[in-house]
Amino acid sequence: MAFVLADHTKFRRVFSVTFSQLKKCCIITDSMPDNRYAKETVIKEVMK
């Protein structure tokens, strides 16, 4: 499993780097702007 550490400003943007399929990732973030990724992978929201 790959881990993605990204704050809320990184969502809804396109980046040219791919390192893993979304289904094989766990996203760790401060807040999710929407729940569309929750259907594809594990989401962990960390509060400040």
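Just so it is clear, the structure is predicted and the values come from calculations on it, not from any experiment. Values below: all heavy atoms of this structure, side chains included; hydrogens, waters and symmetry mates excluded.
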Open item on the list: Test of understanding: clusters of I, L, V, M, F, W, Y form through side-chain heavy atoms closer than 4.5 Å, transitively. Do Phe19 and Tyr37 belong to the same one?
Closed with: yes
Open item on the list: If you define the side chain from C-beta out and look only at heavy atoms, does anything of Thr29 sit under 4.5 Å from Val46?
Closed with: no
Task: Nearest heavy atoms of Ser31 and Glu45, plus distance in Å - done: CA-OE1, 3.1 Å
Open item on the list: What I'd like to find out is whether the side chain of Cys25 reaches to under 4.5 Å of the side chain of Met1, using heavy atoms alone.
Closed with: no
Open item on the list: How long is the straight-line distance from NZ of Lys10 back to CG of Leu5, given to the nearest 0.5 Å?
Closed with: 10.0 Å
- [ ] Rounded to the nearest 0.5 Å, what's the gap from NZ on Lys44 to CD1 on Ile28? Could you check?
- [x] 9.0 Å
Open item on the list: Please report the interatomic distance CE(Met32) to CD1(Ile43), rounded to the nearest 0.5 Å.
Closed with: 4.0 Å
Task: Side chains of Asp34 and Phe11 in contact at under 4.5 Å (non-hydrogen atoms) - done: no
TODO: Examine distances only and state if a side-chain atom of Asp30 and a backbone atom of His8 form a donor-acceptor pair shorter than 3.5 Å.
DONE: yes
Task: Residue pairs, two or more places apart or on separate chains, that pass side-chain hydrogen bond (donor to acceptor under 3.5 Å, both in side chains) and touch residues 18-27 - done: none
- [ ] Compare all side-chain heavy atoms of Ile27 with those of Thr41 and state whether any distance is below 4.5 angstrom.
- [x] yes
